[in-house]
Amino acid sequence: MEKEMLDTINKLKKEKNAVILAHYYVDGEVQAIADYVGDSFYLSRIAAETDADVILFCGVSFMGESAKILSPEKRVVMADELADCPMAHMVELEKIQEVRQQYPDVAVVCYVNSTAEIKTAADVCVTSSNAVKVVKALPAKQIFFVPDNNLGRYVADQLPEKEFIFHDGFCHVHVSIQREAVIKAKEAHPEALVLAHPECTQDVLELADYIGSTSGIIDYATKSQNREFIICTEMGIFYELGQKNPDKRFYAVGHRQFCHNMKRITLDKVVNALETLEPQVLLDEKTMEAARAPLARMLELAGK
Ligand code: SF4
């Protein structure tokens, strides 16, 4: 990155009292200029606690919405307003109402990869790093898990004492990681451990030596004595894996481990958003209030 660009970003950040939050799936050069880089859980905690006047979010829209809901007095700006997560739109309010009618005691557990509107209908939110802990802590036995089918099934496997109703949402990036391709990667790199995100399909998770969120995968690889790893999640994670482990080797399974939405974020857009403080995340008070309760409950149950 040019020094001039870095100086501009730092100057604008100071002028606007802005903090830059970036997800592990955005490009490495964007992660490099962020104040905080992490998974959805970590970034939502930072958004809830920051003293900055402006939060610039380098990620997809549901992340910016969560930041706004948790810090409504702050100006939350997206680096690219078109960066969106298709999975976030894979469940509708009517479906939740239907399930609630059919199962009056059900707890609706909503993956943070969902719109603010869907969060308003949830009992609690979860991220991939805290889902098992949070669902375990719920008094309800029946769980309706939305929108991601694969994460829901993974959580259900860990908690046989609960009864799950699943939805059919999915992440196209993780679902594109095929079992056969992982087997081929293992044959090509027999010493490598397979590290997988729980948004992958069950037949891929069966091949994994470790299953966890992006931060879980980074921690595992960093602490491991092993030197080689096959990574079953979005490619943006390779930046942080490499930063923390310059002497270890990380292999992708295929070229489709790529989230086009996350990759919309560029340094030029970061500069533009800092200059204009647009596009802003705007949500109405009622939605924010209703969506805050399940997010706050998640932070409480996951143990901030
Ligand atoms: S990687 Fe998947 S879940 Fe994450 S933002 Fe992209 S499409 Fe959504």
Side-chain angles (χ1 to χ4, degrees), residues 22-31 37-41 59-60 83 85-88 90 111 113 127-129 131-132 147-158 168-265:
H23 192 271
Y24 285 130
Y25 292 163
V26 299
D27 264 337
E29 63 175 12
V30 177
Q31 293 185 46
V37 184
D39 62 9
S40 300
F41 182 45
V60 291
C85 170
M87 190 212 284
M90 288 184 183
Y111 190 22
N113 297 34
T127 68
S128 53
S129 58
V132 174
D148 188 25
N149 186 284
N150 291 308
L151 179 62
R153 287 183 189 277
Y154 169 73
V155 175
D157 281 349
Q158 319 302 309
D168 56 6
F170 63 92
C171 162
H172 66 91
V173 178
H174 289 89
V175 165
S176 77
I177 300 171
Q178 303 270 307
R179 180 180 172 90
E180 296 67 36
V182 180
I183 292 171
K184 269 196 189 152
K186 276 166 72 92
E187 284 165 7
H189 309 290
E191 300 300 320
L193 295 178
V194 176
L195 313 185
H197 192 282
E199 285 175 26
C200 292
T201 52
Q202 201 166 12
D203 62 349
V204 165
L205 296 183
E206 282 165 9
L207 299 173
D209 296 289
Y210 171 79
I211 300 167
S213 65
T214 45
S215 53
I217 288 174
I218 292 164
D219 282 353
Y220 185 93
T222 305
K223 287 180 189 146
S224 172
Q225 297 299 315
N226 217 71
R227 319 301 302 162
E228 295 180 68
F229 305 88
I230 294 162
I231 302 299
C232 302
T233 189
E234 210 276 344
M235 316 269 271
I237 198 174
F238 282 64
Y239 175 75
E240 185 71 9
L241 284 169
Q243 291 289 111
K244 290 214 161 108
N245 304 282
D247 53 343
K248 294 184 182 175
R249 306 191 74 163
F250 300 98
Y251 308 109
V253 178
H255 61 280
R256 288 194 292 160
Q257 290 168 245
F258 189 86
C259 178
H260 296 276
N261 280 287
M262 289 287 190
K263 298 302 186 280
R264 292 184 65 91
I265 318 298

Asker: Within a reach of under 6.0 Å around CZ of R249, are more than 12 heavy atoms found that belong to other residues, nucleotides or ligands?
Answerer: no
Asker: Assess the pair F258 and H260: is the distance between their ring centroids shorter than 6.0 Å?
Answerer: yes
Asker: Measure the shortest side-chain to side-chain distance between V194 and V182 over non-hydrogen atoms and say whether it is less than 4.5 angstrom.
Answerer: yes
Asker: Could you tell me how the ring of Y25 sits relative to the ring of H174: parallel (under 30°), tilted (30 to 60°) or perpendicular (over 60°)?
Answerer: tilted
Asker: Any idea which heavy atoms bring A196 and I217 closest together, and the distance?
Answerer: C-CD1, 3.8 Å
Asker: Rounded to the nearest 0.5 Å, how far apart are NZ of K223 and CG of N245?
Answerer: 11.5 Å
Asker: Roughly how far, to the nearest 0.5 Å, is OG of S213 from CD of E199?
Answerer: 10.5 Å
Asker: Are S128 and Y111 side-chain neighbours, meaning at least one heavy-atom pair lies under 4.5 Å?
Answerer: yes
Asker: Indicate yes or no: at least one non-hydrogen side-chain atom of Q178 is less than 4.5 angstrom from one of V204.
Answerer: no
Asker: Are any side-chain N or O atoms of Q31 and backbone N or O atoms of Y24, one a donor and one an acceptor, separated by less than 3.5 Å?
Answerer: yes
Asker: Looking only at non-hydrogen atoms, find the nearest pair between T233 and I237 and report the distance.
Answerer: CG2-CG2, 3.7 Å
Asker: With distance as the sole test, does D148 use its side chain to make a donor-acceptor pair with the main-chain N or O of L151 at under 3.5 Å?
Answerer: yes
Asker: Could you pull out the closest heavy-atom pair between C85 and N113, with the gap in Å?
Answerer: SG-ND2, 4.2 Å
Asker: Please find the pair of heavy atoms, one from I177 and one from C232, that lie closest to each other, and give the distance.
Answerer: CD1-C, 3.6 Å
Asker: Looking at D39 and T214, what are the two nearest heavy atoms and their distance?
Answerer: CB-OG1, 3.1 Å
Asker: So, does E234 use its side chain to make a donor-acceptor pair with the main chain of M262 at under 3.5 Å?
Answerer: no
Asker: Could you state the interatomic distance from CZ (R227) to CD (Q225), rounded to the nearest 0.5 Å?
Answerer: 8.0 Å
Asker: Measuring only between side-chain heavy atoms, which start at C-beta, is M90 closer than 4.5 Å to D168?
Answerer: no
Asker: For the CG atom of L195 and the CG atom of D219, what is their distance to the nearest 0.5 Å?
Answerer: 11.5 Å
Asker: To the nearest 0.5 Å, what is the distance between CD1 on I230 and CD1 on I183?
Answerer: 11.0 Å
Asker: Residues in salt bridge (Lys or Arg N to Asp or Glu O under 4.0 Å) with K244, at least two apart?
Answerer: E240
Asker: List the atom of S176, the atom of Q257, and the distance in Å for their closest heavy-atom pair.
Answerer: OG-N, 4.5 Å
Asker: Start with the C-alpha distance between F229 and S224, add both sets of side-chain angles, then the distance that settles side chain to side chain contact (heavy atoms under 4.5 Å, CB included), and finish with yes or no.
Answerer: CA-CA 10 Å; F229 305 88; S224 172; 3.7 Å; yes
Asker: Enter the distance from H197:NE2 to S129:OG here, rounded to the nearest 0.5 Å.
Answerer: 8.5 Å
Asker: What's the verdict on side chain to side chain contact (heavy atoms under 4.5 Å, CB included) for Y210 and L193, showing C-alpha distance, side-chain angles and the deciding distance?
Answerer: CA-CA 8 Å; Y210 171 79; L193 295 178; over 6 Å; no
Asker: Under a 4.5 Å cut-off applied to non-hydrogen side-chain atoms, are V132 and Y154 in contact?
Answerer: yes
Asker: Counting distance only, does the side-chain N/O of N150 pair as donor-acceptor with the main-chain N or O of F170 below 3.5 Å?
Answerer: no
